[in-house]
Amino acid sequence: MGKLTPMLDIRLIRQSPDEVNAALARRGGGYSIDSILAMDETRRELMKREEALRSERNTLSKEVGRLKQAGQDTDDLQARTKALADEIKDLELQKKALEDQQDERLKDFPNLPDAKTPDGKDETDNVLVRQWGDEFKNRFTDTPKPHWEIGSDLNLIDFERGVKLAQSRFSIMRGAGARLERALINYMLDTHSQTGYEEIVPPFLVNAEAMTGTGQLPKFESDMFATRDDALYLVPTAEVPLTNIYGAEIIDYEAMPKYFMAYTPCFRREAGAAGRDTRGLIRQHQFNKVELVKLVTPETAEAEHLALTRDAEAILQGLELPYRVMELCTGDLGYNAARCFDLEVWLPSAGLYREISSCSHFGDFQARRASLKYRSPETGKSAYLHTINGSGLAVGRTVAAILENYQTADGTIKIPQVLQPYMGGLTELKETEPHGHGKRAETASTTGV
RNA sequence: GGAGAGGUGGCUGAGUGGUUGAAAGCGGCUCCCUGCUAAGGAGUUAUGCGGGUUCUCCCCGCAUCGAGGGUUCGAAUCCCUCCCUCUCCGCCA
């Protein structure tokens with residue numbers, strides 16, 4: 001009994017409070033589970049009393065049934081049982097209130113950082129793991145323009161009209177720009193399918209349960225777009241539908257691990273980011289992303305996490321984009337994650353590296369919330385699996401990186417070799433005539449699609 | 001959107017107020033038997049939580065028959081709300 005929303009394992013908190021506190025302390029922020037402990041003690045006390053009463057009630061009720069069938073008088077017994085029932089209801093309310101309170105506290109706690117996650121207070125303490133592709137920096141020009149200028153100059157991206165259609169932080173891709181976006185999506189999916197990821201086309205709207213399973217709710221509701229007439233949210237990342245595919249199920253051991261990938265648009269309100277990255281494709285309310293998700297057993301999780309990170313890197317290497325891998329320190333680690341590598345791509349116009357993928361290991365944090373389990377072959381019992389995910393990659397930021405890294409002194413953009421087949425053999429992008437000059441149809445057609 | 005039917009254990013499918021956490025069958029697992037990938041026999045086979053414990057075994061209790069609430073001494077069974085599935089009609093990429 002008892003319906004605590006699983007966040008951190010309450011039993012772990014009970015058994016090893018000092019360890020949990022120590023792990024939380026590594027993140028900073030003054031988390032302490034001490035108050036939870038006392039609350040939990042009381043809660044279990046109430047639970048024990050309630051269950052004892054229920055047990056008694058059940059026994060008496062059965063007795064009533066027996067006597068009635070024997071044709072005996074049961075008024076007395078019934079009155080006693082009725083009194084018990086009232087008492088139970090009372091206790092239940094008390095317990096419920098306490099549970100809600102405990103939930104409220106518990107949901108503030110982030111995941112415990114992995115032992116390997118380096119200590120640190122903020123992003124300046126992140127650790128450089130490796131750097132790749134320095135030879136590709138400043139490849140075609142020494143005077144790089146920012147991608148939004150290139151995108152506008154070449155009629156690839158129309159920022160103003162995107163805003164007109166929606167609001168700020170929306171843009172439209174057009175012509176070869178749109179084609180480039182689609183080429184990247186296909187290149188990424190095709191590449192990852194070779195490493196065994198199952199391609200998924202998930203719903204782009206999901207319910208609150210799914211959002212809670214991966215940890216976006218309840219803490220980050222303000223960053224989500226929600227629908228007005230239905231209790232549905234626009235996906236902020238394909239992580240949400242992909243991770244929840246097996247929610248509330250127990251997966252056969254033989255069927256593990258599961259690798260999923262999906263292209264989806266991602267919708268984020270970017271609450272709290274007002275004024276940051278207002279230009280260009282870096283921080284849009286809607287952007288495309290190919291996401292990689294793995295459901296794995298705990299023993300293999302670390303290796304699977306490293307492998308997934310390499311899978312994401314393979315895209316950057318294929319595109320010959322300079323990047324580096326940063327391991328996030330405890331102070332910069334996301335709420336859900338236990339360990340995380342960020343891939344940062346080189347943006348020459350700014351002269352800095354910019355996050356283009358975040359590859360995280362969540363331990364059993366999400367599995368617990370979404371009830372993702374597998375059947376252990378040794379014990380025959382079910383156990384929480386581990387979840388891992390990473391962008392492979394964020395498409396908009398990849399477009400930005402290509403425009404900037406592949407621009408030449410004369411203003412044209414080379415197309416990375418691996419994308420050329422996806423671009424109909426096109427090898428470069430240059431200024432073209434205005435869009436929309438198609439052939440005029442001879443006869444008007446009213447046929448719908 | 002309209003009309004109707006229905007949501008039970010891994011699956012099929014009984015069960016309309018009282019030892020039903022739930023018949024039966026299938027599937028799965030264990031053991032026995034059998035002169036070879038067959039057949040037969042016995043047993044076993046949900047999840048979560050709490051407690052006990054001779055603590056990777058086991059025992060006890062509570063909860064769970066789509067979800068939530070209600071009636072009742074007692075609910076899978078009755079009532080209400082919501083969600084979902086199926087069939088027919090309408091609409092539609």
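Every heavy atom of this structure was used, including side-chain atoms; hydrogens, water molecules and symmetry mates were not. What you are looking at is a predicted structure, and each value in this text was computed from that prediction instead of being measured. Within every chain, numbering begins at 1; the chains are lettered A, B, ... in the order of the sequence lines, protein sequences first and strands thereafter.
A:R339 pairs by the salt bridge (charged side-chain N to carboxylate O under 4.0 Å, His left out) definition with A:E302, A:E327, not counting sequence neighbours.
B:rG4 and B:rC86 make up a base pair, with Watson-Crick or G-U wobble contacts both under 3.5 Å. Figure legend. B:rC58 is base-paired to B:rG52; pairs are counted as Watson-Crick or G-U wobble with both atom distances under 3.5 Å. Pairing of B:rA67, defined by two Watson-Crick or G-U wobble distances under 3.5 Å, is identified with B:rU81. With a 3.5 Å ceiling on both atom-pair distances, B:rA39 lacks any Watson-Crick or G-U wobble partner. Nucleotide B:rG27 forms a pair with B:rU45, judged by Watson-Crick or G-U wobble geometry with both contacts under 3.5 Å.
Closest-nucleotide positions on RNA chain B for A:R66 and A:R14 were compared, and the one nearer the 5' end corresponds to A:R66.
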Are there any protein N/O atoms within less than 3.5 Å of an N/O atom in nucleotides 44-47 of chain B, and if so, which ones and at what distance?
unit_1 : atom_1 : unit_2 : atom_2 : d
B:rU47 : OP1    : A:R375 : NH1    : 2.8

Which atoms of nucleotides 74-85 of chain B (N or O only) lie under 3.5 Å from a protein N or O atom, and what are those distances?
unit_1 : atom_1 : unit_2 : atom_2 : d
B:rG74 : O4'    : A:S61  : OG     : 3.0

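Contact annotation: A:R11 side-chain N/O to B:rG50 OP1/OP2 distance is under 4.0 Å. Between A:T74 and the phosphate of B:rC73, there is no side-chain N or O to OP1/OP2 separation shorter than 4.0 Å.
Aromatic ring centres of A:Y335 and A:F365: separated by under 6.0 Å.
Proximity of A:R268 to A:R283: side-chain heavy atoms (C-beta onward) are nowhere separated by under 4.5 Å.
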